[in-house]
Q: 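Following this message is one structure expressed as structure tokens.
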There are 2 protein chains.
Amino acid sequence: MADDTTWTASAATDPQLACPISPVVDIVFSRWTTPILWTLHTHGRQRFVELERGIPRITPKVLTQRLRQLERDGLIMRTYHPEVPPRVEYEISELGRSLAPLFAHLAEWAAGNLDEVERARHDYDTAPGR
Amino acid sequence: MADDTTWTASAATDPQLACPISPVVDIVFSRWTTPILWTLHTHGRQRFVELERGIPRITPKVLTQRLRQLERDGLIMRTYHPEVPPRVEYEISELGRSLAPLFAHLAEWAAGNLDEVERARHDYDTAPGR
DNA sequence: TGTAGTAGGTACCTACAGGAAAGTGGCTCT
DNA sequence: AGAGCCACTTTCCTGTAGGTACCTACTACA
């Protein structure tokens, strides 16, 4: 903590919230949101069933919930076409697109450090006295 | 999606997991982990009670769980001093420290875009036909 | 004697997230 | 006539994360 060049220590003494990035985490990294944002970004505009098929094991109920939440937060846009059968298209918004470099860094960290996490886990699990 | 310069589209077609950053999210952004890592980074080595006092509303049980998990993943280090009363110190590891620029970007995004999320929410909530 | 302090562990309980399955509406195809 | 399509919605149910409260061992100190 001697040299705090990378982390902003602004809200470090916040009485209520000890971590200034907690609100972002709640918005961006709640469950199922990253797969949705990811597929929406890489595959572009998509319909409900396409998302459902593209994200394995997600149920339509939860998918609807997450999509509504993401729409409310302004990260994605929903366009409803009153046809028969109905057609709804989801696409990432400008605000959602602004997360792209962040996700890229995350993917980069994952590529470089996930195996070390795996190794740490193995060491911990096979440590003596456990 | 036309120009994929920032996001790596490597695992975009992964059959099992539609999102290559999901594993990282599970490790780094599970509940309470960011406040713990944040305070550990900004305040340096800390004892259990210090963490407990520094992170409002966390219960000792959950704090223990999260600390164990973070230790197992290699993000923090635990040193036990067999004194009376017992003394345990937690500090961030090299691997955990490597998350610093990531967290900095997150804080930066928060500073620049959180109000826009707030605005989107207000617009959504006060929209007609709702 | 008894109280404080530390770092948790344990038992019990509740709330809520999330899963499974079926329903809805209106058109179109067979 | 019936089935199928889409985008959900609703109901019911379960699992589990997390909260509360109490417990441990040991010593120093009043």
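Chain letters run A, B, ... following the sequence lines, proteins first and then strands; every chain starts at 1. Model, not experiment: these values are computed from the prediction.
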Q: Which one, dG18(D), dC8(D), dA7(C), comes nearest to the side chain of Tyr90(A)?
A: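 Side chain of Tyr90(A) sits closest to dC8(D).
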
Q: Judged by each residue's nearest nucleotide on DNA chain D, which is more toward the 5′ side, Pro60(A) or Val84(A)?
A: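 Final value for this comparison: Val84(A).
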
Q: Is the phosphate of dG19(C), meaning OP1 or OP2, less than 4.0 Å from a side-chain N or O of Thr59(A)?
A: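 Answer is yes, contact under 4.0 Å.
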
Q: Respond yes when some side-chain nitrogen or oxygen of Arg66(A) is under 4.0 Å from OP1 or OP2 of dG18(C), and no when none is.
A: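 It does, given that an N or O in the side chain of Arg66(A) lies less than 4.0 Å from OP1 or OP2 of dG18(C).
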
Q: For the NE2 atom of His105(A) and the CG atom of Leu106(B), what is their distance to the nearest 0.5 Å?
A: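 CG of Leu106(B) is found 11.5 Å from NE2 of His105(A).
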
Q: Any salt bridge linking Glu89(B) with Arg47(B)? Criterion: basic side-chain nitrogen under 4.0 Å from a carboxylate oxygen.
A: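 No, no charged N to carboxylate O under 4.0 Å.
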
Q: May I have the distance from Glu52(B) (atom CD) to dT6(C) (atom P), rounded to whole angstrom?
A: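 Rounding to the nearest Å, CD of Glu52(B) and P of dT6(C) are 10 Å apart.
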
Q: Hey, does the side chain of Arg57(B) come within less than 4.0 Å of dG18(D)'s phosphate (OP1/OP2), counting only N and O?
A: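 No, outside the criterion.
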
Q: Between P on dA7(D) and OH on Tyr80(A), what's the gap in Å once rounded to a whole number?
A: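 Computing the Tyr80(A):OH to dA7(D):P distance gives 10 Å.
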
Q: For Leu63(B) and dG19(D), what is the distance between atoms CG and P respectively, to the nearest whole Å?
A: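 So the CG-P distance, Leu63(B) to dG19(D), works out to 11 Å.
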
Q: Using whole Å, report how far CD of Glu83(B) lies from C1' of dA28(D).
A: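 After rounding, the gap between these two atoms is 14 Å.
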
Q: Report the distance from atom CZ of Arg87(B) to atom C1' of dC26(D), rounded to the nearest whole Å.
A: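 In whole Å, dC26(D) C1' lies 16 Å from Arg87(B) CZ.
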
Q: For Glu83(B), look at atom CD and say whether over 12 heavy atoms of other residues, nucleotides or ligands are found less than 6.0 Å away.
A: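 Count over threshold, so yes.
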
Q: Toward the 5' end of DNA chain D, which comes first, Pro86(A) or Thr64(A), by nearest nucleotide?
A: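 Taking each residue's closest nucleotide, the earlier one in sequence belongs to Pro86(A).
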
Q: Atom CD1 of Ile58(A) to atom C1' of dA21(C): distance rounded to whole Å?
A: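 Spelled out: CD1 on Ile58(A) to C1' on dA21(C) is 17 Å.
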
Q: Under the side chain to side chain contact (heavy atoms under 4.5 Å, CB included) test against Ile27(B), which residue among Thr33(B), Leu70(B), Leu75(B) passes?
A: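 Result: among Thr33(B), Leu70(B), Leu75(B), Leu75(B) is the only option passing the side chain to side chain contact (heavy atoms under 4.5 Å, CB included) with Ile27(B).
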
Q: Please state how far atom CD in Glu50(A) lies from atom P in dC6(D), giving the value in whole angstrom units.
A: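 Interatomic distance, CD of Glu50(A) to P of dC6(D): 10 Å.
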
Q: Nearest to the Val88(B) side chain among dG18(D), dA7(D), dA7(C), which nucleotide is it?
A: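 Selected nucleotide (nearest to the side chain): dA7(C).
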
Q: Under 4.0 Å between a side-chain nitrogen and a carboxylate oxygen: does that hold for Arg53(A) and Glu50(A)?
A: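 So Arg53(A) does not pair with Glu50(A) through a salt bridge.
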
Q: Let me spell it out: for each of Arg47(B) and Lys61(B), pick the nucleotide of DNA chain C with the closest heavy atom. Which residue's pick is nearer the 5' end?
A: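 Going by which nucleotide is closer to the 5' end, it is Arg47(B).
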
Q: Looking at Arg53(A), I'd like to know whether one of its side-chain N or O atoms comes within less than 4.0 Å of OP1 or OP2 on dA7(D).
A: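 Arg53(A) to dA7(D) OP1/OP2: no side-chain N or O under 4.0 Å.
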
Q: Can you check the Gln65(A) CD to dT10(D) P distance for me, whole Å?
A: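 Rounding to the nearest Å, CD of Gln65(A) and P of dT10(D) are 12 Å apart.
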
Q: Considering only side-chain heavy atoms of Arg78(B), which listed nucleotide, dA7(C), dC12(C), dT10(D), is closest?
A: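 In terms of side-chain proximity for Arg78(B), the closest of dA7(C), dC12(C), dT10(D) is dA7(C).
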
Q: Quick one: on DNA chain C, does Trp32(A) or Pro85(A) contact a more 5' nucleotide (nearest heavy atom)?
A: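 Nearer the 5' end of the strand: Trp32(A).
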
